[in-house]
Q: 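Got a structure here, written out as structure tokens. Questions coming.
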2 protein chains.
Amino acid sequence: MSLAQIEYFVAVSETGHVGRAAEALRIAQPAVSRQIRNLEDELGARLFVRSARGMQLSEAGDVFLEHARAILAQIDDARRAVQARGRRSGEP
Amino acid sequence: MSLAQIEYFVAVSETGHVGRAAEALRIAQPAVSRQIRNLEDELGARLFVRSARGMQLSEAGDVFLEHARAILAQIDDARRAVQARGRRSGEP
DNA sequence: GGAGTTTACGAATGTCGTAACTATC
DNA sequence: GATAGTTACGACATTCGTAAACTCC
């Protein structure tokens, strides 16, 4: 599991399409498709139901989405907190 | 920022040494040293005070450590939650 | 001089993009 | 036949490990 995979997953969840997500992320579709598949393989669960019109969250995917957003938010918090503290007392 | 960097950082924080952390992580020292440096560069703050006897958390590092642990815990939560749900209603 | 960290460099791994394939409507 | 996702494959980038160099007691 990588942060990129989590970001890709959230993008696909929000757009409902691998293609739209890839466009928003400024990368090509296959990269997104592969990472989603890798993530599903690692977790041992299908996160999306594939249909001919796009990607719909499965139950497991729905559960994961909340956690994924929390993780990304926490990463952001961490970055902000350490940068604020780092500037105050840190480097030359 | 990557999950590996966060794991390496926590390991160095807990052991107080790059070498001990590397041993615990089952990888070589330089890999840990580089990732810590990359993390510091990206965050724009020194996370450790280097001394001749090891690595001590700086103030910024202390702040980051709490967040780092929270992130890893949340990753674990996510994994557990989606696996529990995935097995129940998911794959063939 | 010894314990510990960092730099240098080649090897291995992973990720990406283009192009071709598959499937569903 | 059009739309959307996946597979194949070569190119690019990142990360790793071994070996050597550096630093502070």
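What you are looking at is a predicted structure, and each value in this text was computed from that prediction instead of being measured. The sequence lines fix the lettering, A, B, ..., with proteins before strands; numbering per chain opens at 1.
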Q: Would you find a donor on one side and an acceptor on the other, under 3.5 Å apart, between the side chain of B:Ser58 and the backbone of B:Arg46?
A: yes
Q: A:Ala31 near the nucleic acid: base, sugar-phosphate alone, or nothing, with a heavy-atom cut-off under 4.0 Å?
A: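 If one applies the 4.0 Å heavy-atom cut-off, A:Ala31 turns out to touch the sugar-phosphate alone, with no base involved.
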Q: Output the rounded distance in Å from CD1 (A:Ile36) to P (D:dG5).
A: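 Rounding to the nearest Å, CD1 of A:Ile36 and P of D:dG5 are 11 Å apart.
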Q: Rounded to whole angstrom units, what separation is found between the CD atom of B:Glu23 and the C1' atom of D:dG17?
A: 16 Å
Q: B:Leu25 versus B:Val32: any side-chain heavy-atom pair under 4.5 Å?
A: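 A side-chain contact exists here, since the closest heavy-atom pair is under 4.5 Å.
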Q: Does anything in residues 8-18 of chain B come within less than 4.0 Å of DNA chain D? Heavy atoms only, and list the residues if so.
A: B:Tyr8
Q: Quick one: is D:dT6 close enough that its OP1 or OP2 comes under 4.0 Å of any side-chain N or O from A:Ser33?
A: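 So the side-chain polar atoms of A:Ser33 do come within 4.0 Å of the phosphate oxygens OP1 or OP2 of D:dT6, strictly under.
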Q: Are side-chain heavy atoms of B:Tyr8 and B:Val18 found at a separation under 4.5 Å?
A: no
Q: How long is the line joining CD of A:Glu40 and P of D:dG5, in whole Å?
A: 13 Å
Q: Got a sec, which residues hit side chain to side chain contact (heavy atoms under 4.5 Å, CB included) with A:Ser2, two or more places apart in sequence or on another chain?
A: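 Listed in chain order: A:Ala4, A:Gln5.
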Q: Among residues two or more places apart or on two chains, list those pairs meeting side-chain hydrogen bond (donor to acceptor under 3.5 Å, both in side chains) that have a residue in residues 16-29 of chain B.
A: none
Q: When you compare the protein's N or O atoms with those of nucleotides 20-25 of chain D, which come within less than 3.5 Å of each other, and at what distance?
A:
none

Q: Quick one: salt bridge (charged side-chain N to carboxylate O under 4.0 Å, His left out) partners of B:Arg50, sequence neighbours excluded?
A: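 By the salt bridge (charged side-chain N to carboxylate O under 4.0 Å, His left out) rule, B:Arg50 matches B:Glu40.
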Q: Restricting to ring pair (Phe, Tyr, Trp, His ring centres under 6.0 Å), what partner residues turn up for A:Phe9, sequence neighbours left out?
A: A:Phe48, A:Phe64
Q: Going 5' to 3' on DNA chain C, which nucleotide is the first and which the last to come under 4.0 Å of a heavy atom in chain B?
A: C:dG4 to C:dC9
Q: Nearest heavy-atom pair of A:Val63 and B:Val82: which atoms, and what distance?
A: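 Closest approach of A:Val63 to B:Val82: CG1-N, 4.4 Å.
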Q: Going by the rule side chain to side chain contact (heavy atoms under 4.5 Å, CB included), which residues pair with A:Leu72 if we only count those two or more places apart in sequence or in a different chain?
A: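 Testing A:Leu72 for side chain to side chain contact (heavy atoms under 4.5 Å, CB included), a comparison that skips the adjacent residues, returns A:Ile6, A:Glu7, A:Val10.
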Q: Which distance, rounded to the nearest 0.5 Å, do you find between the CG of B:Leu43 and the CD of A:Gln83?
A: 6.0 Å
Q: Among residues two or more places apart or on two chains, list those pairs meeting side-chain hydrogen bond (donor to acceptor under 3.5 Å, both in side chains) that have a residue in residues 66-81 of chain B.
A: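 Those involving residues 66-81 of chain B are A:Glu42-B:Arg79, B:Glu14-B:Arg69, B:Asp76-B:Arg80.
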Q: If each of A:Val32 and B:Arg20 is mapped to the nucleotide of DNA chain C with the nearest heavy atom, which maps nearer the 5' terminus, i.e. the 5' end?
A: B:Arg20
Q: May I ask you to say what B:Arg37 touches in the nucleic acid, namely base, sugar-phosphate or nothing, with a heavy-atom cut-off under 4.0 Å?
A: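 Since only primed, P, OP1 and OP2 atoms lie under 4.0 Å of B:Arg37, the category is sugar-phosphate.
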Q: What is the distance, to the nearest angstrom, from the CZ atom on B:Arg34 to the C1' atom on D:dC16?
A: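 One finds 6 Å between C1' of D:dC16 and CZ of B:Arg34, rounded.
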Q: When the distance from CD of B:Gln35 to P of D:dT15 is rounded to whole Å, what number comes out?
A: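 Rounding to the nearest Å, CD of B:Gln35 and P of D:dT15 are 5 Å apart.
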Q: Per the end-axis method with five pairs at each terminus, what is the bend angle of the helix from C:dG1-D:dC25 to C:dC25-D:dG1, to 10°?
A: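 So the angle between the two local helix axes works out to 30°.
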Q: Under 4.5 Å between any side-chain heavy atoms of A:Leu39 and A:Met1, yes or no?
A: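 The answer is yes; the side chains approach within 4.5 Å.
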Q: Which residues pass the side chain to side chain contact (heavy atoms under 4.5 Å, CB included) test with B:Ala24, sequence neighbours left out?
A: none
Q: Atom OG in A:Ser13, atom CG in A:Asp62: separation rounded to 0.5 Å?
A: 8.5 Å
